[in-house]
Amino acid sequence: MMLQASDPKVRELLSKGEFGLEKESLRVDENGFLSHTQHPFPGSSHIVRDFCENQTEINTSVTYSPHEAVEALGKYYQKIERTLRELPQREYLWPFSNPPYIRDEDDIPIARYGGQETSKTVYRQYLSDRYGRYKMTFSGIHVNYSFSEELLKTDFELSGETDF
């Protein structure tokens, strides 16, 4: 069933959900080649690795407006930039969704997890075997959005349905 989007109250409530952003970027060296250093943000729950060791991903917390989510993304991005600037060999975030020049598949280091997280590396190896490493280096931004309970209830009341 579709939302009753023509109803003004439903439209108003669309912006009152929960929002989050995920942004992936490849780390590159000063020549624009993929970095081969370890993930420089250990222990961070908001700055993690995606498929490969050099694919940094920002995951914002749940926020209650798009503006808050964008602010959080900016805060983590600045932290990444500061850290990369201070590394012994300066690194940069590749600004595009398409990856930079990649020498060969061995140039793409699968994310390395140890201990209780070893299964994450095993899963990435599966993705590599299934789709190839090149495909997994494409990076982007994902918007997460959850409807508010108020929106769902308001829409339900307009729907004429009897079972919420």
Side-chain angles (χ1 to χ4, degrees), residues 2-3 14-149 151-152:
M2 300 285 289
L3 285 174
L14 282 172
S15 64
K16 294 189 179 180
E18 295 178 340
F19 301 86
L21 295 171
E22 300 173 27
K23 170 77 172 91
E24 304 147 350
S25 300
L26 292 165
R27 289 184 294 111
V28 297
D29 65 22
E30 63 185 10
N31 296 309
F33 293 108
L34 293 178
S35 166
H36 286 270
T37 60
Q38 287 187 330
H39 175 69
F41 307 98
S44 174
S45 60
H46 296 286
I47 304 172
V48 298
R49 289 166 282 192
D50 196 6
F51 171 76
C52 48
E53 191 68 22
N54 53 19
Q55 193 173 36
T56 300
E57 180 177 29
I58 299 170
N59 295 305
T60 68
S61 295
V62 173
T63 64
Y64 298 97
S65 76
H67 179 75
E68 288 176 279
V70 170
E71 279 187 346
L73 183 71
K75 180 180 83 172
Y76 294 119
Y77 186 85
Q78 289 174 356
K79 180 179 179 179
I80 291 169
E81 284 292 309
R82 276 192 307 275
T83 300
L84 297 182
R85 203 172 24 252
E86 295 169 2
L87 291 174
Q89 295 294 313
R90 173 79 160 95
E91 293 182 5
Y92 303 87
L93 289 179
W94 184 253
F96 307 107
S97 297
N98 288 343
Y101 176 79
I102 298 173
R103 293 175 181 107
D104 56 40
E105 279 211 346
D106 293 333
D107 199 28
I108 305 166
I110 293 175
R112 298 178 295 264
Y113 290 91
Q116 295 178 336
E117 294 186 315
T118 302
S119 62
K120 291 182 177 184
T121 300
V122 171
Y123 176 64
R124 283 156 177 79
Q125 184 61 54
Y126 162 78
L127 293 173
S128 174
D129 294 344
R130 171 106 185 184
Y131 303 108
R133 293 184 187 188
Y134 289 115
K135 193 176 283 188
M136 300 306 296
T137 62
F138 285 83
S139 299
I141 189 162
H142 310 276
V143 178
N144 299 313
Y145 170 72
S146 298
F147 295 126
S148 69
E149 190 75 15
L151 169 65
L152 296 174

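All values below were derived from every heavy atom in this structure, side-chain atoms included, with hydrogens, water molecules and symmetry-related copies excluded. Note that the coordinates shown come from a computational prediction; the quantities given were computed from them, not determined experimentally.
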**Student:** Which heavy-atom pair separates Thr121 from Ala111 by the least distance, and what is that distance?
**Tutor:** OG1-O, 3.1 Å

**Student:** If I compare all heavy atoms of Ala69 with all of Phe19, which pair ends up nearest, and what's the gap?
**Tutor:**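 Minimum heavy-atom separation between Ala69 and Phe19: CB-CB, 4.3 Å.
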
**Student:** Is there a side chain to side chain contact (heavy atoms under 4.5 Å, CB included) between Thr63 and Val70? Walk through the geometry before answering.
**Tutor:** CA-CA 10 Å; Thr63 64; Val70 170; over 6 Å; no

**Student:** Are more than 12 heavy atoms from other residues, nucleotides or ligands located less than 6.0 Å from atom NZ of Lys23?
**Tutor:** yes

**Student:** Kindly give the heavy-atom pair with the smallest separation between Pro40 and Thr83, and that separation in Å.
**Tutor:**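 In this case the closest contact between Pro40 and Thr83 is O-CG2, 4.0 Å.
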
**Student:** Side chain to side chain contact (heavy atoms under 4.5 Å, CB included) between Leu26 and Cys52: does it pass, once the steps are laid out?
**Tutor:** CA-CA 9 Å; Leu26 292 165; Cys52 48; 3.8 Å; yes

**Student:** Please find the pair of heavy atoms, one from His39 and one from Val48, that lie closest to each other, and give the distance.
**Tutor:** CE1-C, 3.5 Å

**Student:** Do Asp107 and His36 meet the criterion of a side-chain donor-acceptor pair at a distance under 3.5 Å?
**Tutor:** yes

**Student:** Nearest 0.5 angstrom please: Glu24 CD to Asn59 CG, how far?
**Tutor:** 9.0 Å

**Student:** Look up atom OG in Ser119 and atom OH in Tyr113, then write down how far apart they are to the nearest 0.5 Å.
**Tutor:**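 Going from the OG atom of Ser119 to the OH atom of Tyr113 covers 10.0 Å.
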
**Student:** Atom NE2 of His67 and atom OG of Ser15: how far apart are they, to the nearest 0.5 Å?
**Tutor:** 14.0 Å

**Student:** Report the residues that fulfil side chain to side chain contact (heavy atoms under 4.5 Å, CB included) with Ser44, sequence neighbours left out, ordered by chain and then residue number.
**Tutor:**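 Ser44 satisfies side chain to side chain contact (heavy atoms under 4.5 Å, CB included) with Phe41, His46, Ile47 only.
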
**Student:** Has Arg133 got its NZ or CZ under 6.0 Å from the middle of the six-membered ring of Phe51, at an angle within 45 degrees of the ring axis?
**Tutor:** no

**Student:** Rounded at 0.5 Å granularity, tell me how far CD in Gln78 sits from NZ in Lys75.
**Tutor:** 10.0 Å

**Student:** State whether the number of non-hydrogen atoms from other residues, nucleotides or ligands found under 6.0 Å of Gln125 atom CD is greater than 12.
**Tutor:**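 Correct, the count exceeds 12.
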
**Student:** Using a 3.5 Å distance criterion without hydrogens, assess whether the side chain of Asp104 forms a donor-acceptor pair with backbone atoms of Asp106.
**Tutor:**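 Judged by distance alone, yes, a pair lies under 3.5 Å.
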
**Student:** If only atom types and distance count, is the side chain of Thr60 paired as donor or acceptor with the main-chain N or O of Leu73 below 3.5 Å?
**Tutor:** no

**Student:** Please tell me if the side chains of Lys16 and Phe147 come closer than 4.5 Å, counting only heavy atoms from C-beta onward.
**Tutor:** no

**Student:** Any chance you could lay out the side chain to side chain contact (heavy atoms under 4.5 Å, CB included) test for Ile80 and Ile58, step after step, and finish with the verdict?
**Tutor:** CA-CA 9 Å; Ile80 291 169; Ile58 299 170; 3.6 Å; yes

**Student:** Under 4.0 Å between a side-chain nitrogen and a carboxylate oxygen: does that hold for Glu53 and Arg49?
**Tutor:**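 So Glu53 pairs with Arg49 through a salt bridge.
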
**Student:** Would you give the length of the straight line joining atom CG of Leu127 to atom NZ of Lys135, rounded to the nearest 0.5 angstrom?
**Tutor:**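 One gets 11.5 Å once the value is rounded to the nearest 0.5 Å.
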
**Student:** For Tyr77, does its backbone N or O pair with a side-chain atom of Glu81 as donor and acceptor, under 3.5 Å?
**Tutor:**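 Flag not set: sc Glu81 to bb Tyr77 has no pair under 3.5 Å.
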
**Student:** Is it true that, when you exclude Tyr123 itself, more than 12 heavy atoms of the residues, nucleotides or ligands shown sit nearer than 6.0 Å to its OH?
**Tutor:**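 Atom OH in Tyr123 is not crowded, with 12 or fewer foreign heavy atoms closer than 6.0 Å.
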
**Student:** What's the spacing between Asn54 CG and Ile108 CD1 if we round to 0.5 Å?
**Tutor:**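 Going from the CG atom of Asn54 to the CD1 atom of Ile108 covers 8.5 Å.
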
**Student:** Report all side-chain donor-acceptor pairs from residues 87-101 shorter than 3.5 Å, counting only partners two or more places apart or in another chain.
**Tutor:**
| unit_1 | atom_1 | unit_2 | atom_2 | d |
| --- | --- | --- | --- | --- |
| Glu91 | OE1 | Arg27 | NH1 | 2.4 |
| Glu91 | OE1 | Ser35 | OG | 3.4 |
| Glu91 | OE2 | Arg27 | NH1 | 3.4 |
| Glu91 | OE2 | Ser35 | OG | 2.7 |
| Glu91 | OE2 | Thr37 | OG1 | 2.5 |
| Trp94 | NE1 | Asn98 | O | 2.8 |
| Ser97 | OG | Ser139 | O | 3.1 |

**Student:** Just wondering, do Leu34 and Ile102 contact through their side chains at under 4.5 Å, heavy atoms?
**Tutor:**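 The answer is yes, as the side chains (C-beta and beyond) meet within the 4.5 Å cut-off.
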
**Student:** Using the rule given for side chain to side chain contact (heavy atoms under 4.5 Å, CB included), can you reason through Tyr134 versus Glu105, listing the C-alpha separation, both sets of side-chain angles and the distance that settles it, and then say yes or no?
**Tutor:** CA-CA 7 Å; Tyr134 289 115; Glu105 279 211 346; 3.4 Å; yes

